[in-house]
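Data block below; observations after.
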Protein chains: 4
Amino acid sequence: MPTDRPPMRADARRNRERVMRAALEAFAADGRLVPLDEIARRAGVGAGTVYRNFATKEALFEAVVSDRVRAMVDEARALGAADDPGAAFYDFLARVVEAAMVNHALCEALMEQGAGALEGECMDAAFTDALDVLLRRAIEAGDVRGDVDVHEVRTLMNGCMAMERFRRAAVPPRRITALALDALRPRQDVTKQGNETEVSRKDGACEICDRPLNTSRTGRPARYCGPACRQKAHRRRTRA
Amino acid sequence: MPTDRPPMRADARRNRERVMRAALEAFAADGRLVPLDEIARRAGVGAGTVYRNFATKEALFEAVVSDRVRAMVDEARALGAADDPGAAFYDFLARVVEAAMVNHALCEALMEQGAGALEGECMDAAFTDALDVLLRRAIEAGDVRGDVDVHEVRTLMNGCMAMERFRRAAVPPRRITALALDALRPRQDVTKQGNETEVSRKDGACEICDRPLNTSRTGRPARYCGPACRQKAHRRRTRA
Amino acid sequence: MPTDRPPMRADARRNRERVMRAALEAFAADGRLVPLDEIARRAGVGAGTVYRNFATKEALFEAVVSDRVRAMVDEARALGAADDPGAAFYDFLARVVEAAMVNHALCEALMEQGAGALEGECMDAAFTDALDVLLRRAIEAGDVRGDVDVHEVRTLMNGCMAMERFRRAAVPPRRITALALDALRPRQDVTKQGNETEVSRKDGACEICDRPLNTSRTGRPARYCGPACRQKAHRRRTRA
Amino acid sequence: MPTDRPPMRADARRNRERVMRAALEAFAADGRLVPLDEIARRAGVGAGTVYRNFATKEALFEAVVSDRVRAMVDEARALGAADDPGAAFYDFLARVVEAAMVNHALCEALMEQGAGALEGECMDAAFTDALDVLLRRAIEAGDVRGDVDVHEVRTLMNGCMAMERFRRAAVPPRRITALALDALRPRQDVTKQGNETEVSRKDGACEICDRPLNTSRTGRPARYCGPACRQKAHRRRTRA
DNA sequence: CATGAATGAGGGTTCATTCAT
DNA sequence: CATGAATGAACCCTCATTCAT
């Protein structure tokens, strides 16, 4: 059965996408605070065009974050069959938190309860369900404590997102998330320290100040942006 | 160092205090969102009077939260000589989080970085310093991992405050904070499980759903509001 | 006189009719308030198509109501030869009011004066003329007071339409119209004419055109603003 | 018991009055259509000042029309002891209509049903009650037909207001009102009651409440939807 | 010095009309 | 020629801050 509506006109689709892209950027930067007119301006369209595509500002917000969360749910489902359930679970959490670090809207939406921006498209429940699958497998594999449920994990994830967003300047990104997520590991599991070693660098950023690294193609990969941060890291390692 | 200004008149001081009390309540409930006029109304004064005492709405916010944080700093300092450094440290954190649970303004202020509401009166630094003392003693006593610094603790505390504020409905209050703070305990310290046992009930509320308990003066104190929650707690204990 | 334009294409005419049908329904329900997009949607066409057929929303409104009024004019003309002039007259009025009860657009249009929606197609004048024929015959037959003219009847009809639209809940439909139209019937007794004599002048305004009078302190009070209106009043008095 | 609030400041009261005066003029000219900013501009104040005094535009409208209606209710009550009940009744109606002629807001408000602008201050009911007193006395004095109730009078008044507002240019002001109100006067001859008999039922609806009738194919056609309405009709017929 | 009235710049939203596809 | 997307001016309302009383 084909849909009733004809395919969107090319220019309309282009504009809709421009609006969503502009909204994504704007909401990511300032959350719901950003004025709708600002989004329209950034998209290069009139306010009316935004309202043609989205009934309210909130609907636009929902669309933007639901889109993003849908992608994450897909990711989670893809990880459901991974070889290493523990890694799949922890990696997924880390990726969500990573995404929220650069997207305040995502952060806001994932943290909301009942009647939040993700309720309309049931993305909140879908996210919880997909996460639950990963969690259960990780528990079975002995990589996560057995006494936590998915709601606690989501709450902990909220905390991680908040911590990265409101982390003290002296704390390098991702580190505190790694530490907090460690609380999910089984107690007896001391052979795998997780925390210290898990903080693998996924991109070329200084481990201390998070500034992009001048990567050189040859030699050992750089971990710090310069001598100052290297020294700081040294102090941190030797402090205790 | 005495100030140049003459001492405040009695009625003026009374007004200032009324404004601060009203602002405390209002900000605690809604954070910065509350309109200034609402505060003035609650204080029983005109908006002009608020502005006579505080240059801007933000200045009032600063004053209110700095006051509250000052009291906490005092608390922390008092705990600096406690017999059990570990307990002092963890209790203090728990108390701060508890306070933030009923005071959104405090939560907002403590989480802010650089040029936040606590900077004006240096309360942010004072808080960090006081916390640092507790932290170092707890590390020395072996109750906290040696590889965390005070900035990480503050960041983790931010996460706890956020988690309590945005906790999933199925998660009882305080539990997730206990779990997260556990991440600070040294790894080898498995004799003291902390998490499960640390969650002591400070008031008469169901451990599962947080509703007030019908306390009976005799017999063993109730922990749950009814059979449903007791069963749920049992499932949670035996799930793994 | 044939128009210069070629006959409309079949699909174009079909579209025009669909728009008018949709507009009829929509305007009937909400009057001019209904958004044009809503009409286009109901007609299953784009807004542009509406504008291709009607220069403005108002033009569409005119077309719709003129159509409806044209049908009524035809009705009135058909009644011009009825056996019972009184019944023809009163029935026609009742039918118009009845129609306006379910068609707010018709109600709006018939009530408007000068440059209203019916002016463009001269339907207002045509309606008045057709009604006038019925009125004169009814007067001749002794079923309507001789001292009313068609403008008064139209005005009274406006009142009836308004009364049915804004009638108190406790008043059954049509009853108040019947009561008001009764005022047109000749008085069986001629001792108390009521109408003419009751209209006492409360202020110094011309009885015909309502402009303020140049009152003179002496002599008989003026009733008209000048010779033109005096003559008009005379005609009105002697018309029947 | 004195009121809690101190008397309004002189300038504030002046501004409030300016707003109400401006609103009176503007609403009188264009009804609710007039933009609030326009009212503010006419009053020489900012929009915020209007909102300081009136919670919403509708509240301002209510205040303006309630004020006016209150004065009319007072007038009606003062007329309750007049020597000539008939004159009092008809004069009052004429005055209301006269007022509505120059005040579209008043016209709108008086015509509205349920939850209209006059409901908030119960002015609608007060108006009806006060009018009812005049009506009953006029009926007793034999100056008004005994078979009309106050709701019909209000509805008729609605019609008069509408007629004056939408009167044909050729009809002098007040004349049509006089004519319509004449319908309330008792008929000298009672042989032809007109009203009751003219209202022929065109469709199967209850004569009282207008609900569809359960028509039976045999026997006399039903006129009422049930015993309740039949009784009500009986009361209406025998009331005089 | 207190009061609370006034300001006015925005913010979200609607809709008649135009115009690119 | 139809489509329906885009425009943008209004509209109602809020609230931090200033200032006359």
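Note that these values count all heavy atoms, side chains included, but never hydrogens, waters or copies made by symmetry. Proteins get letters first, then strands, A, B, ... in listed order; numbering begins at 1 in each.
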Between CZ of D/Arg14 and P of E/dG4 the distance, given in whole Å, is 18 Å
Of F/dA6, E/dA2, E/dA5, the nucleotide closest to the side chain of A/Arg52 is F/dA6
Rounded to whole Å, the CZ-P distance (D/Arg13 to E/dA5) equals 12 Å
A/Asp11 atom CG is separated from F/dA6 atom C1', nearest whole Å, by 9 Å
- Task: Answer whether the closest heavy-atom distance between the side chains of C/Arg165 and C/Met161 falls below 4.5 Å.
- Result: no
task: Looking at every strand, decide which applies to A/Gly46 at a 4.0 Å heavy-atom threshold: base, sugar-phosphate, or nothing.
output: sugar-phosphate
In this structure, CZ of D/Phe54 is separated from OG1 of D/Thr49 (nearest 0.5 Å) by 11.5 Å
Whichever of B/Gly44 and D/Val45 has the more 5' nearest nucleotide on DNA chain E, that residue is B/Gly44
Between the main-chain N or O of D/Ala29 and the side-chain N or O of D/His104, is there a donor-acceptor pair closer than 3.5 Å? yes
Review point. Can you check whether B/Glu17 reaches B/Met20 side chain to side chain, under 4.5 Å on heavy atoms?
Key: no
Partner of E/dA9 under the Watson-Crick or G-U wobble criteria, both distances under 3.5 Å, comes out as F/dT14
Atom CZ of D/Arg41 and atom P of E/dG8 are separated, to the nearest Å, by 14 Å
Using a cut-off of under 3.5 Å, enumerate the N/O to N/O pairs linking the protein to nucleotides 13-17 of chain F.
residue : atom : partner : partner atom : Å
F/dC13  : OP2  : D/Tyr51 : OH           : 2.6
F/dC13  : OP2  : D/Lys57 : N            : 3.0
F/dC13  : O5'  : D/Tyr51 : OH           : 3.4
F/dA16  : OP1  : B/Lys57 : NZ           : 2.7
F/dA16  : OP2  : B/Leu36 : N            : 2.9
F/dT17  : OP2  : B/Tyr51 : OH           : 2.9
F/dT17  : OP2  : B/Lys57 : N            : 3.3

Answer for the Watson-Crick or wobble partner of E/dC1, both distances under 3.5 Å, is none
When rounded to whole Å, the CD to P distance for the pair B/Glu17 and E/dA2 reads 14 Å
In this structure, CD1 of D/Ile39 is separated from CZ of D/Arg18 (nearest 0.5 Å) by 14.5 Å
Atom CG of A/Leu60 and atom C1' of E/dT13 are separated, to the nearest Å, by 14 Å
- Query: So do D/Asp124 and D/Leu110 actually touch side chain to side chain, heavy atoms under 4.5 Å?
  - Reply: no
Rounded to whole Å, CZ of B/Phe54 lies from P of F/dT18 at a distance of 16 Å
C/Glu38 CD to E/dA16 P, in whole Å, measures 11 Å
Under 3.5 Å donor-acceptor pairs involving side-chain atoms of residues 58-68 of chain D, not counting sequence neighbours:
residue : atom : partner : partner atom : Å
D/Glu58 : OE1  : D/Arg32 : NE           : 3.0
D/Glu58 : OE2  : D/Arg32 : NH2          : 2.8
D/Ser66 : OG   : D/Glu62 : O            : 2.9

Next on the checklist: Under 4.0 Å from OP1 or OP2 of F/dA2: is there any side-chain N or O of C/Asn15 that close?
Outcome noted: yes
